[in-house]
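Before any comments, here is the structure.
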Amino acid sequence: MTQSAPIPLTVIGGFLGAGKTTLLNRLLASGHTRCAVLVNDFGEVNIDAALIKSHDGATMSLTNGCVCCSIGSGFLDTLGRLLDETGRFDRIVIEASGVGDPWRIAEIALVEPALRLDGVVVLADASRIATLIDDRQVGETVRNQFARCDVALLSKRDLVTDAQLEAARAAIRLVRPDVRIEFVSPDSAPDLAMLGRRPAVRFRADPVDDGIDHEADFRRWTYRRNGSFDRNRLAAAVGALPPQLLRLKGACRIDGEVRPQILQMVSRSWTLLPPDGSNEQIADAIALVGVGTADLPADDELDAILDGALVAPLAA
Amino acid sequence: MSSDTVVYSARKIVTMNPSRPVATHVAVRDGRIVAVGSEVEIAQFAPGGMIDDRFRDKVLLPGFVEGHSHIMEGMMWSLPYVGAFDRRSPEGKVVSGVRDVDAIVARLRESESKMSDPKAPLFAWGFDPLHIGSYMLTRQDLDRVSTTRPVMVIHASFHISNVNTLVLERAELLRATDISGVVAGTDGLASGVLQGIAARFRVFRVLGNPLSSGITLDDVTRYAASACVQGVTTITDLHNDLTDPTIELYATATRSPDFGVRLVPALASVSHTPEQAIAKIAALRDGGNDKLHYGIVKLVVDGSIQGFTARLRWPGYHNGAANGLWYIAPEELPRLVDLYHRAGIQLHIHTNGDEATELALDAVEKAQVATPRPDHRHTLQHCQMADAAQFRRMKALGVCVNLFANHVFYWGDAHYALTMGPERAGHLDATGTALRIGVPFSIHSDAPVTPLSPLFTAWCAVNRLSSSGRKLGHETEALSVEQALAAITIGAAYTLKLDDLVGSIECGKYADFAVLEDDPLAIAPEALKDVPVWGTVVGGQVRKAPRA
Ligand SMILES: [Zn+2]
Ligand SMILES: [Zn+2]
């Protein structure tokens, strides 16, 4: 088993035509980092021939250190092989299928020690997304793609009016009121590290930032304690939190764990992960920030639910 | 008269050719049928009047054609079987079903005790909780098999598995119940039920994937052996990436004179762009031989009904479950269908739910309007929930259908109570409707999802009995024995565009026979599944099925 630091994983999701391939093409060509990119449709990968070192039909190696692999149906095997080549890549990027749920793929990084989930980015065509989200046949599929993403990335901004753009943002915010919304730059490759999960402590400083004044629609709740949680009781407590709480993030201690953990809860599903080692120091206590709808129950009511999961402090 | 002509006499020959439905003698030369008829008509073909009477007490039918099964059937038999119903192995052995937890544990213990490497993981297959009173295995159950060896039971659906505690510990999943595919038990720890891509990835990374090493010659040989045991002489492999090693393997295996079945692989569209797939099929068409037939591309539109991943029209699932998943985007399907249709390729389109069926019909209609193509024979696979209006559209569009008759037995109760409710479950896999409306149809097993056995599949379509004994739409959707036998022979051959070569016993076709111990038309319809299969004849080669 590998001892080296886990490789950051970014999952790129988004419905058909959202611009995933364009983004991945730019990413491969830019060569800022040595990326291994797993794509659905090899035929759409369009890289300058001068940059291609070798191409065997399933894997394309580039002179800038990047590699592009076809997912085909041997996805698990392909990813496994990439992980075996430790140290060769700075980042792994997986393109989810247009009808797939990127979160399902992202979960691999939550159970695979050789990977660290750095972000789920869901692309959306600014001119279509408002319609797609309500579509009778695919609306549910599209909404699910946003349910647990870190960033919604709007493409084709130059092709839409301000009103259309606002409609696109409003449609996404209806599904995910707290999601960060960014734009695909028309000409440069995105910096995936910038789109990635931010260090936990910063959630306190700027937990939600979509450039829109939403104070009237949302309410924040901050929970701070010294001590640690019991893991099983925490699971029960998170499950007991009211549905008005849309998102909860921050650092905490779990009884029996050496390192502090990052708790993230979105849309009723939650994860506990060790923090990214390169980040700022994480407080040795519990500090969580939640965002909910305006009718979120009072702070002390919410506090009481999580207090139930605290391990009783040892007598000194 | 060529001296290598052989004339067989039989107790009865059921030809499935309506212009000569029954006979007693058949003449065979160069692997093909010279003539079929009465002794008076056929004796003249026998060299020196010598008639081979080895089948004198047997009944010959056209070799059965399994229109939807997978090479995985050949791969699974390398692992112990823990399904609830009896199943016949490629060696011809009846492997009895294990119908409760203790029996499952006992079967696994028995396999465990025979393993020489103490560290090797034990994999098993075929489990379905719906068949043992909705009891889900737990890690504690599998710990009774071993606490020192990894144990993994793969469900009949292939989407879910159960593992013992050791696997959870090694994969570090015991506490990972926040992952959507890691189900929590009553103690808050993982119960051992795993599904979804993340858990699968992690477990196979730790244990190795028993099925990922690629198809081997042993797998293909086992598949052919199972075919012989069940009287099948033409078999599909209805979803294959057809990588270069597989193409090579299929060519080698089928060129061997001993290979006992005709193989019809379908290229999986999911692992190719349409341009790649079209080019691959064009190249492969010439790479076939008399036992290897390329030309079909498979599209998968939705998931499964019992897994609640099929796409249903209003009012959706009977128990209120959320609608299922698209595996191809609804706006992408017309583009794909159009490209393949234009390229002259025959499509087999998996649609389980009626919304997926509707979408597929819309796509074929568009493609037909843009590029009218007579006799395309695009075939809907499974198509379990189609109503009469959808069958009428199939008829109008020249679409065939291959219905999943075995579902009536295996999941009919679940469909009645949970997924579809009484009315829709009554026209599940509506063979009667297909017949009334005149849609060319076949019936299938989807082996290894359900057992490979066309006579059992025919029994399902004739009796429409669920495993608990409930009759589902029997008065309106059941077939007669004769109609069901047509579905597993000439009907299936038609959906594969091979009806000029196989599917009936008539002059010019391959000498492919199912050799039965009894006449399926003379027995009680309830006994159809129990008619013993003696073996097969493929291209004139007689093959007695093993009986272990
Ligand atoms: Zn299927
Ligand atoms: Zn299938």
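Owing to the predicted nature of the structure, the values given are computational and were not obtained by experimental measurement. To find a chain, count down the sequence lines: A is the first, B the second, and so on, and within it residues start at 1.
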- Message: Quick check for you: among A/Asn232, A/Leu79, A/Ile105, which has the greatest number of heavy-atom pairs under 4.5 Å with chain B?
- Response: A/Leu79
- Counting N and O atoms only, with roles assigned by atom type, does the side chain of A/Arg233 sit under 3.5 Å from a partner on the main chain of A/Leu310, one being a donor and the other an acceptor? yes
- Task: May I ask you to decide if B/Ser269's main-chain N or O and B/His239's side chain share a donor-acceptor pair within less than 3.5 Å?
- Result: no
- Task: Using a heavy-atom cutoff of under 4.5 Å, enumerate the residues of residues 129-141 of chain A that contact chain B, numbered in order, or state 'none'.
- Result: A/Leu132, A/Arg136, A/Gln137, A/Val138, A/Glu140, A/Thr141
- Can you tell which part of B/Ala329 gets under 4.5 Å to a heavy atom of chain A, answering side chain, backbone, both or neither? both
- Query: Donor-acceptor pair, B/Lys280 side chain versus B/His272 backbone, under 3.5 Å?
  - Reply: no
- Message: For A/Val111, is there any backbone N or O sitting under 3.5 Å from a side-chain donor or acceptor partner on B/Glu172?
- Response: no
- Is it true that a side-chain atom of B/Arg139 and a backbone atom of B/Val163 form a donor plus acceptor pair closer than 3.5 Å? no
- Item | Residue pair B/Asp219, B/Thr216: steps toward the side chain to side chain donor-acceptor pair (under 3.5 Å) verdict | CA-CA 5 Å; B/Asp219 299 328; B/Thr216 65; 3.0 Å; yes
- Item | Contact check, side chains of B/Ser161 and B/Phe123, non-hydrogen atoms, under 4.5 Å | no
- What part of B/Leu173 gets closer than 4.5 Å to chain A, counting heavy atoms only: side chain, backbone, both or neither? side chain
- Query: Who among B/Gly188, B/Ala176, B/Ser180 has the most heavy-atom pairs with chain A under 4.5 Å?
  - Reply: B/Ser180
- Message: So for B/Ile328, is it side chain, backbone, both, or neither that comes closer than 4.5 Å to the heavy atoms of chain A?
- Response: backbone
- Quick one: what part of B/Arg175 sits under 4.5 Å from any heavy atom of chain A, side chain, backbone, both or neither? both
- Hey, is B/Arg205 close enough to A/Asp84 for a salt bridge, meaning N to O under 4.0 Å? yes
- Would you mind checking if B/Arg393 and B/Asp362 are paired as a salt bridge, meaning a charged N to carboxylate O distance below 4.0 Å? yes
- Heavy-atom distances under 4.5 Å only: say whether B/Glu355 touches chain A with side chain, backbone, both or neither. side chain
